[in-house]
Visitor: 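Please find one structure pasted underneath; my questions will follow.
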Amino acid sequence: MQNTVAELMRISPVADDLAKRFAKAGHRLYLVGGSVRDAMLGRLSADLDFTTDARPDQVLAIVSAWGDAVWDVGIAFGTVGVTKQGKTLEITTFRADSYDRVGRNPEVTFGDSIEGDLLRRDFTVNAMAIDLTTQTFIDPHDGLRALHEQVLDTPATPQESFADDPLRMLRAARFAAQLGFTAAPRVVDAMTSMAEEIDRITAERVQAELSKLMLATDPRPGLELLVDTGLAERVLPEVPGMRLAIDEHHQHKDVYQHSLTVLAQAIDLETRHEPTSEPDLVLRLAALLHDVGKPATREFQPGGGVSFHHHEVVGARMVRKRLRALKYSKEIVEDVSQLVFLHLRFHGYGKGEWTDSAVRRYVTDAGPLLTRLHKLVRADCTTRNRRKAAALQATYDDLEARIARIKAQEDLDRVRPDLDGNAIMELLGLKPGPEVGKAWKFLKELRLDRGPLEHDEAVAELKRWAAENGIGEPS
């Protein structure tokens, strides 16, 4: 309890003041759920969760003149939000929801006791509370013991809990990733037997949980729990699907294990080069999914080899389809699928045989994703052969050095033709239309091949191309 007391002392001015206001109005206020759990772990954030016997309109009356800002977006679910001295507080009336176990949302019912409210919580480590008036610790479901043992279990039976809200099964995986906790055997059994119940949950809610899982310090335990229980088959089937393909290098049990290793290495690279960077969802999704095209492209070669020709093309298409189904933003869909599409491009570099033109195209095709592509390609090296791994890293070092050298000579971040559309139309006597676009594309390809051209040289090349293709009337 020492960590809890220390953390409570840190927030006590705000929490104590708020609790006194509720007591003066004849109500009780409790710190609850994840806030208590995190206080126990010594990692309480500035976002605090409270519960109370006061009804939402009574909560509003108490906090309206006290908070720096108040919002009631969640009031239909009994939640009022408040900011005070840089802290974000959410105060929710005791809940005793009922579920029809067919639809996706509960019928919101307000409860009358803290014990009843805690019973409806997802896991016992989230079913602890502290009465802020008396500083009394409330733990009817032995959450403190579960916290010490790092076990995820449910206050009610897992079957009841997951039938009420199947999303809790994904939360179990998310907490396994965020906290490093292990799901209790009965929780794993229920997740396995009830996996299809997740189909009741909207894609948006599933996506939100998957994103939180992927952004955890170590997503692997959560992903493994999803795969082992069959839940991944319902929400991200491409991941367990990779267990079907044997890694052609025979360095991992399968492509699935290889992909988990690549994800871990990509996470390490997030901060190694950029110590202040935040967890990168796009990079992490690309690392996990970069090889999803392998099962569909697997071919056995004479002599026992295995190939996966064009798996990056197939994989990019699969990733785009899956992320769209999960309702990810257009930007995330396009960025992740493009990284998957490009992740093999480097392996054509050989020992540095690429021309400057090829290097320009690598940079141009990656565009703003170049830094992420660097990390993904480096993370994709999972060979246990130290000499081979060192050679691959040295070769990529050389490519990055060449990119830097060419960037110092020309603007690689904004490769444009040496002549713009207006100049093209004037030189060729064209009006706006498809032919201008074709000329622009020709000049861009020329720019990528040869680098920046002098104006007169660009004009001469344009006129030569136009004459060969019967376009315009060169002046």
Side-chain angles (χ1 to χ4, degrees), residues 1 4-5 7-9 11-40 44-85 87-99 105-144 147 154-156 160-161 164-165 168:
M1 292 289 290
T4 309
V5 172
E7 287 295 288
L8 284 175
M9 290 298 292
I11 66 160
S12 61
V14 170
D16 287 350
D17 188 15
L18 187 59
K20 288 174 183 176
R21 289 175 179 271
F22 272 79
K24 185 177 180 180
H27 298 290
R28 306 296 285 270
L29 185 70
Y30 303 82
L31 188 70
V32 73
S35 292
V36 176
R37 179 199 71 218
D38 290 344
M40 295 283 187
L44 188 62
S45 74
D47 296 339
L48 305 174
D49 295 324
F50 299 89
T51 190
T52 179
D53 59 330
R55 294 302 191 251
D57 57 337
Q58 296 170 320
V59 174
L60 273 176
I62 294 169
V63 303
S64 290
W66 175 81
D68 298 330
V70 177
W71 64 96
D72 60 1
V73 174
I75 200 165
F77 297 95
T79 300
V80 174
V82 189
T83 57
K84 183 73 172 180
Q85 297 177 9
K87 294 179 172 58
T88 300
L89 321 177
E90 286 196 349
I91 307 164
T92 303
T93 301
F94 292 158
R95 293 269 291 270
D97 301 339
S98 60
Y99 297 79
N105 297 313
E107 179 182 338
V108 177
T109 305
F110 298 132
D112 298 312
S113 71
I114 183 63
E115 290 78 14
D117 181 88
L118 295 178
L119 178 63
R120 55 164 288 278
R121 303 263 164 178
D122 52 5
F123 299 103
T124 59
V125 294
N126 297 329
M128 299 178 286
I130 296 173
D131 186 329
L132 293 172
T133 302
T134 64
Q135 296 286 297
T136 302
F137 179 57
I138 303 169
D139 183 19
H141 304 290
D142 219 3
L144 185 59
L147 194 69
T154 52
E160 290 177 281
S161 182
D164 282 347
D165 185 1
R168 289 171 175 170

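Atoms considered below: every heavy atom in the structure, side chains included; atoms not considered: hydrogens, waters and symmetry mates. Numbers here are sequence positions counted from 1.
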Visitor: Could you give the distance from CG (Leu60) to CH2 (Trp71), rounded to the nearest 0.5 Å?
Guide: 12.0 Å
Visitor: Roughly how far, to the nearest 0.5 Å, is the CG atom of Leu147 from the CE atom of Met40?
Guide: 7.0 Å
Visitor: Test your reading of the model: is there a side-chain donor-acceptor pair from Thr124 to the backbone of Ala127, 3.5 Å cut-off?
Guide: no
Visitor: Between CG of Asp47 and NZ of Lys87, what distance do you get to the nearest 0.5 Å?
Guide: 10.5 Å
Visitor: What is the minimum heavy-atom distance between Val70 and Ser64, and which atoms define it?
Guide: CG2-CA, 4.1 Å
Visitor: Could you state the interatomic distance from CG (Asp117) to CD1 (Ile114), rounded to the nearest 0.5 Å?
Guide: 5.0 Å
Visitor: Of the non-hydrogen atoms in Thr52 and Ala54, which two are nearest, and what is the gap between them?
Guide: OG1-N, 3.0 Å
Visitor: Specify the closest pair of heavy atoms between Phe110 and Gly78, including all atoms of both residues, with the distance to one decimal.
Guide: CE2-CA, 3.6 Å
Visitor: Check Arg21 with Asp17, please: is the shortest side-chain N to carboxylate O separation under 4.0 Å?
Guide: yes
Visitor: Going by atom types alone, do Thr79 and Thr92 pair a side-chain donor with an acceptor below 3.5 Å?
Guide: yes
Visitor: For the pair Thr88 and Leu48, evaluate side-chain contact (heavy atoms from CB on, under 4.5 Å) and give the outcome as yes or no after the intermediate values.
Guide: CA-CA 6 Å; Thr88 300; Leu48 305 174; over 6 Å; no
Visitor: Is there a side-chain contact (heavy atoms from CB on, under 4.5 Å) between Tyr30 and Val36 once you walk through the steps?
Guide: CA-CA 10 Å; Tyr30 303 82; Val36 176; over 6 Å; no
Visitor: Do the charged groups of Asp112 and Arg55 touch, with an N to O distance under 4.0 Å?
Guide: yes
Visitor: Run the side-chain contact (heavy atoms from CB on, under 4.5 Å) test on Thr109 and Arg95 for me, step by step, so that the C-alpha distance in whole Å, both residues' side-chain angles and the decisive distance to 0.1 Å come before the verdict.
Guide: CA-CA 6 Å; Thr109 305; Arg95 293 269 291 270; over 6 Å; no
Visitor: Relative to the ring of Phe22, is the ring of His27 parallel (under 30°), tilted (30 to 60°) or perpendicular (over 60°)?
Guide: perpendicular
Visitor: Check the pair Thr83, Leu89 against side-chain contact (heavy atoms from CB on, under 4.5 Å), reporting the backbone distance first and the verdict last.
Guide: CA-CA 6 Å; Thr83 57; Leu89 321 177; over 6 Å; no
Visitor: Without swapping roles, check the side chain of Thr154 against the backbone of Phe123 for a donor-acceptor pair under 3.5 Å.
Guide: no
Visitor: Which atoms form the tightest heavy-atom contact between Val32 and Ala129, and what is the distance?
Guide: CG2-CB, 4.1 Å
Visitor: Could you tell me the separation between the CZ atom of Arg120 and the OG atom of Ser161, rounded to the nearest 0.5 Å?
Guide: 10.0 Å
Visitor: Within a strict 4.5 Å, meaning less than it, do heavy atoms of the Thr93 and Thr51 side chains meet?
Guide: no
Visitor: Is the backbone of Ile75 close enough, under 3.5 Å, to the side chain of Asp72 for a donor and an acceptor to pair up by distance?
Guide: no
Visitor: Indicate the atoms forming the closest heavy-atom contact of Met128 with Gly143, along with that distance.
Guide: SD-C, 3.6 Å
Visitor: For the side chain of Ser35 and the backbone of Asp49, is there at least one donor-acceptor N/O pair under 3.5 Å apart?
Guide: yes
Visitor: Could you note down all residue pairs passing salt bridge (Lys or Arg N to Asp or Glu O under 4.0 Å) where residues 28-37 supplies at least one of them, sequence neighbours left out?
Guide: Arg28-Asp131
Visitor: Taking all atoms of both residues into account, what is the closest heavy-atom pair of Lys84 and Asp68, and its distance?
Guide: CA-OD2, 3.3 Å
Visitor: Measure the CG-CD1 distance between Asp57 and Ile62 for me, rounded to the nearest 0.5 Å.
Guide: 10.0 Å
